[in-house]
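Notes for the one structure printed next.
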Amino acid sequence: GGVSGIGQLLAHITGFGSVAFWSVLINVPLFLISIRGVGKNFFFGSLVGMLLMNLFIELFLLIPAAAVVLALVLLTPLFLRMAAYSNAETLEAEGQYASALENYIKAKNYKDAPEKAEEMERIISYETGKQLFDAGSFAEAEQSFLDAGDYSDAAQWAETSRKAQHYEAGAKALQEENFLLAIEEFTAAGDYSDAPAQLVQAERGEHYRLGCEAYESGEYGVAAEEFD
């Protein structure tokens, strides 16, 4: 029944071509019409399935059944890897890196699938790092950027995440009037945000604290130097 039945009927009536030939001929326009409605992944998966089915129909007619079974056993894994690789490329182009990774893994050693899988892992780590950074989870973001290796500007983002952690620690220390720790942290934060300005504020706070201590102990000269 269906397209295969129509193909068998046309092959019999016309005396031209085979069932597989007519099935492919009928299916092609149907596939072209449906591509917009079903999406690329489903389209290419179904196309590969249709072509394989008709290929094996031809093989079954030409060679003994045992040889067809052998061909199925030998070729099916290869075709599955080809389909997985094709799906992975489509998903990668659409920015669906996690799904692309899954398909590259399924493709096993087909073409450069192992290298592409590693690349997807780096991209996923990089994108995760960006999300964590925007959420203020700077320690986790730094680790994700480190996991991304040499992908894009991951190294620079890892450094920025590290500085952000020092900046946060410095801000907390400054609020708690732990000026020495604040100075240490803002120094480590480097040029992140307004860290240089916060560093000056922490240094002034430390001088003021030392000045107060000196004044209370009667060391007015030292106090004057610290307050200056």
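As the structure is a computational prediction, the values presented were derived from the model and not from experiment. In what follows, residues are counted from 1 in the order of the sequence shown.
Contact check on R122 versus E119 returns no salt bridge, with no Lys/Arg side-chain nitrogen under 4.0 Å from an Asp/Glu carboxylate oxygen. Electrostatic pairing of E92 and K116 counts as a salt bridge here, judged by a charged N lying under 4.0 Å from a carboxylate O.
Here CG of L199 is found 10.5 Å from CZ of R204. Values are rounded to the nearest 0.5 Å. With rounding to the nearest 0.5 angstrom, the CD atom of Q165 is 8.5 Å from the CZ atom of R162. To the nearest 0.5 Å, atoms CD (Q96) and CG (L91) are separated by 5.0 Å. Atoms CG and CD, from D147 and E142 in turn, are 10.5 Å apart once rounded to the nearest 0.5 Å.
Of all the heavy atoms in N103 and A84, the pair that sits closest is CB-O, 3.3 Å. Counting all heavy atoms, side chain and backbone alike, A148 lies closest to S125 at N-CB, 3.8 Å. Here the shortest heavy-atom pairing between I183 and E206 reads CD1-CB, 4.0 Å. Of all heavy-atom pairs spanning A169 and E185, the tightest one is CB-CD, 3.6 Å. K163 and A188 make their closest contact through CG-O, 4.1 Å (heavy atoms, listed as atom of the first residue, atom of the second, distance). The heavy-atom pair separating K108 from P114 by the smallest distance is O-CD, 3.3 Å.
The closest side-chain heavy-atom distance from E89 to Y104 is below 4.5 Å.
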Counting only pairs under 3.5 Å, give me each side-chain donor-acceptor contact of residues 127-139, with atom names and distances, residues two or more places apart or in other chains.
| unit_1 | atom_1 | unit_2 | atom_2 | d |
| --- | --- | --- | --- | --- |
| T128 | OG1 | I124 | O | 2.7 |
| K130 | NZ | Y126 | OH | 3.4 |

For residues 213-227, dump all side-chain donor-acceptor pairs below 3.5 Å to protein atoms at least two apart in sequence or in another chain.
| unit_1 | atom_1 | unit_2 | atom_2 | d |
| --- | --- | --- | --- | --- |
| E213 | OE2 | R209 | NH1 | 2.7 |
| S217 | OG | E213 | O | 3.1 |
| S217 | OG | A214 | O | 3.0 |
| S217 | OG | E219 | OE2 | 3.2 |
| E226 | OE1 | H207 | ND1 | 2.7 |

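Both Y97 and Y151 are members of a single hydrophobic cluster when ILVMFWY side chains are connected at heavy-atom separations under 4.5 Å. L80 is not connected to Y110 by any chain of hydrophobic side-chain contacts under 4.5 Å among Ile, Leu, Val, Met, Phe, Trp and Tyr, and they are in different clusters.
Taking the six-membered ring where tryptophan is involved, the planes of W157 and F145 are essentially parallel, since the angle between them stays under 30° and well short of 60°.
For E115, the CD atom is densely surrounded, since the number of other residues' heavy atoms within 6.0 Å is greater than 12.
No donor-acceptor pair closer than 3.5 Å links the side chain of N178 to the backbone N or O of L174.
Using modelled atom types, one finds a donor on one side chain and an acceptor on the other under 3.5 Å when comparing D112 with Y85.
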Would Q198 and Y167 count as a side-chain contact (heavy atoms from CB on, under 4.5 Å) here? Give the steps.
CA-CA 9 Å; Q198 294 295 329; Y167 183 91; 4.0 Å; yes

Go through the steps for R81 and K106 under the test side-chain contact (heavy atoms from CB on, under 4.5 Å), then give the verdict.
CA-CA 6 Å; R81 292 175 187 179; K106 289 179 182 178; over 6 Å; no

